2 protein chains.
Amino acid sequence: MSSASKASTAPSSQALPRSRFEMVEVTARLCQRLGMPKSTGQIYGLLFLSVHPLSLEEIAEALGLSKASASTGTRHLIGWHAIRQVWKPGDRKDYYEVQADLGDVLRANYLGFFKPKLDAASRKLVVLQELLDADLQSGAIQNEEHTVGRERLQSIARMHSRIQKVLPFAEKLL
Amino acid sequence: MSSASKASTAPSSQALPRSRFEMVEVTARLCQRLGMPKSTGQIYGLLFLSVHPLSLEEIAEALGLSKASASTGTRHLIGWHAIRQVWKPGDRKDYYEVQADLGDVLRANYLGFFKPKLDAASRKLVVLQELLDADLQSGAIQNEEHTVGRERLQSIARMHSRIQKVLPFAEKLL
DNA sequence: CAGTTCGTTCAATTTGCACTGAACAGATAG
DNA sequence: CTATCTGTTCAGTGCAAATTGAACGAACTG
């Protein structure tokens with residue numbers, strides 16, 4: 001336990017330096033814009049400018065979050081390979097620090113998240129083509145609708161394959 | 001008014017073909033994952049497999065939405081250059097159709113949305129560096145924190161410039 | 001000039017999701 | 001074994017964003 005213990009819901013008992021505070025805000029907004037919880041972004045920003053790994057409770061207190069939020073947030077970030085857990089010998093707490101190499105983060109997310117989505121999209125595209133054919137067979141759509149639909153789905157497919165051609169390049173360069 | 005008029009909140013008085021219905025679901029989920037309103041995605045999916053441009057009311061009725069939602073949704077999509085308005089001579093209604101070339105859509109959004117964000121991020125990075133220096137001056141942070149912070153911010157800057165090098169390439173290829 | 005037919009805007013409601021406090025489970029120490 | 005310290009899970013709460021109905025304004029029509 002620390003000596004000072006007055007703040008309850010306040011951001012922290014000891015305010016963050018402005019650079020740290022601003023960083024937390026930036027990453028929070030970024031996360032929010034990406035459709036992710038704001039608190040998760042705050043955690044990343046806090047850890048990003050932290051010299052030492054921080055424990056769950058330190059994170060929660062510094063940001064004025066509950067332990068629960070800190071726990072879910074850190075696990076999200078770990079899932080995206082943005083931070084990682086570290087342990088100190090003789091200490092049962094979990095500590096967290098940012099993954100230093102941003103290139104690794106992007107690569108890992110490409111391989112573990114984006115790439116699978118692309119493949120799934122590819123399969124879905126095939127399914128849609130089949131549904132379109134089936135609708136033609138059953139008379140649910142006319143010939144013209146079938147033709148136009150097929151054409152548009154193929155334009156997605158072309159774009160899709162072009163993206164798959166480009167991404168591995170980008171992956172290497174980052 | 002059409003002849004049949006039983007459905008009130010039902011998706012539509014006449015069910016969509018399966019291919020169309022599935023397409024609407026796919027784009028709806030995609031939009032939602034990107035943090036955009038689901039209804040906007042539905043509209044895009046509907047228009048994507050539509051042979052003719054559709055009016056606001058047709059969209060609203062086919063998807064079981066209010067005219068209000070259809071109106072805001074279409075204007076969002078227009079803002080992203082995903083669809084466009086067309087008019088039929090002697091008809092006061094607005095009609096909407098998908099922008100055929102997906103490459104154009106991506107390029108337009110890169111130039112009008114993503115690129116400016118990247119530039120803003122670049123400026124923000126400079127501000128953060130300055131704040132970090134100021135915190136060192138004022139004694140808010142130690143020398144070590146300043147060094148580590150500077151290093152990490154620079155790693156973002158490097159990644160940032162690499163991305164800016166790669167993106168124009170990708171832009172051409174799509 | 002009324003009377004329609006459009007699209008948009010706005011207040012009010014609903015929906016969905018982040019966040020929380022409390023209960024829980026696992027591990028360690030005494 | 002009991003007691004304590006850790007992180008996680010879960011039902012409940014609150015808030016922000018989406019959606020809607022109704023009012024509005026603009027553009028035609030007769």
Side-chain angles (χ1 to χ4, degrees), chain A residues 1-2 5 7-11 24 27-47 53-79 83-96, chain B residues 1-2 7-12 24 27-44 46 53-79 83-96:
Chain A
M1 246 187 251
S2 65
S5 59
S8 54
T9 51
V24 168
T27 51
R29 269 198 296 268
L30 178 64
C31 261
Q32 213 168 12
R33 191 165 301 233
L34 294 172
M36 303 161 182
K38 181 182 63 175
S39 63
T40 304
Q42 295 180 49
I43 294 171
Y44 185 76
L46 181 71
L47 291 176
L54 298 180
S55 70
L56 261 195
E57 213 164 3
E58 286 172 324
I59 293 172
E61 210 229 344
L63 297 174
L65 298 174
S66 65
K67 256 194 316 175
S69 289
S71 177
T72 62
T74 50
R75 264 175 314 115
H76 279 163
L77 290 169
I78 288 174
I83 67 174
R84 62 179 166 190
Q85 259 173 326
V86 296
W87 294 273
K88 300 185 178 180
D91 190 337
R92 281 164 48 204
K93 291 182 187 172
D94 298 344
Y95 289 87
Y96 302 91
Chain B
M1 243 189 252
S2 63
S8 57
T9 52
S12 82
V24 168
T27 51
R29 268 198 296 266
L30 179 63
C31 260
Q32 213 167 12
R33 190 166 301 236
L34 294 172
M36 303 159 181
K38 182 181 63 177
S39 62
T40 304
Q42 294 180 51
I43 294 172
Y44 185 77
L46 180 71
L54 297 181
S55 70
L56 262 196
E57 212 165 4
E58 287 171 324
I59 294 171
E61 210 229 345
L63 297 174
L65 299 173
S66 64
K67 258 193 314 176
S69 288
S71 177
T72 62
T74 49
R75 263 175 315 116
H76 278 163
L77 289 169
I78 288 174
I83 68 174
R84 62 180 167 190
Q85 258 173 328
V86 297
W87 294 274
K88 299 185 178 180
D91 190 336
R92 282 163 47 204
K93 292 183 188 171
D94 297 345
Y95 290 87
Y96 302 91

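Residue numbering restarts at 1 for every chain, and letters A, B, ... go by the order of the sequence lines. FYI, side chains are in, hydrogens and waters are out, and symmetry mates aren't considered; it's all heavy atoms of this structure. Predicted, not measured: the structure shown is a model, and the values here were computed from it.
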Next on the checklist: Starting the side chain at C-beta, find the nucleotide from D:dT19, D:dG7, C:dG7 nearest to B:P37.
Outcome noted: D:dT19
Next on the checklist: Determine whether a donor-acceptor pair (N or O, by modelled atom type, separation under 3.5 Å) exists between the side chain of A:T27 and the backbone of A:G41.
Outcome noted: yes
Item to check | Distance, rounded to the nearest Å, where A:L63 contributes CG and C:dT20 contributes C1' | outcome: 15 Å
Next on the checklist: Can you measure A:W87 atom CH2 to C:dT28 atom C1' for me and round it to whole angstrom units?
Outcome noted: 17 Å
Checklist outcome for this item: Between NZ of B:K38 and P of C:dT14 the distance, given in whole Å, is 17 Å
Next on the checklist: Contact between A:L47 and A:I59 at the side-chain level, heavy atoms closer than 4.5 Å - yes or no?
Outcome noted: yes
Next on the checklist: Measuring only between side-chain heavy atoms, which start at C-beta, is B:Y95 closer than 4.5 Å to B:S55?
Outcome noted: yes
Checklist entry - To the nearest angstrom, how far is B:E61 atom CD from D:dG21 atom P? => result 14 Å
Item to check | Value in whole Å for how far the C1' atom of D:dG7 lies from CG of A:L54 | outcome: 16 Å
Next on the checklist: Regarding B:S39, tell me which of base, sugar-phosphate or nothing describes its non-hydrogen contacts under 4.0 Å with the strands shown.
Outcome noted: sugar-phosphate
Checklist entry - A:D91 CG to D:dT4 P: how many Å, rounded? => result 19 Å
Checklist entry - Between atom CG in A:L34 and atom P in C:dC17, what is the gap in whole Å? => result 17 Å
Next on the checklist: Using a strict heavy-atom distance below 4.0 Å, which residues from residues 66-79 of chain A are in contact with DNA chain C?
Outcome noted: A:S66, A:A68, A:S69
Checklist entry - Do you know the tightest heavy-atom contact between B:C31 and B:P37? => result CB-O, 3.9 Å
Checklist entry - Under the salt bridge (charged side-chain N to carboxylate O under 4.0 Å, His left out) rule, what pairs show up with a residue in residues 27-36 of chain A, not counting sequence neighbours? => result A:E25-A:R29
Item to check | Base D:dC5 paired with A:R92 side chain (donor-acceptor, <3.5 Å) | outcome: yes
Checklist entry - Atom CD of B:E57 to atom C1' of C:dT8: distance rounded to whole Å? => result 15 Å
Checklist entry - Side-chain contact, heavy-atom cut-off 4.5 Å: B:D94 with B:L56? => result no
Checklist entry - At their closest point, which heavy atom of A:T74 faces which heavy atom of A:I83, and how far apart are they? => result O-CD1, 3.7 Å
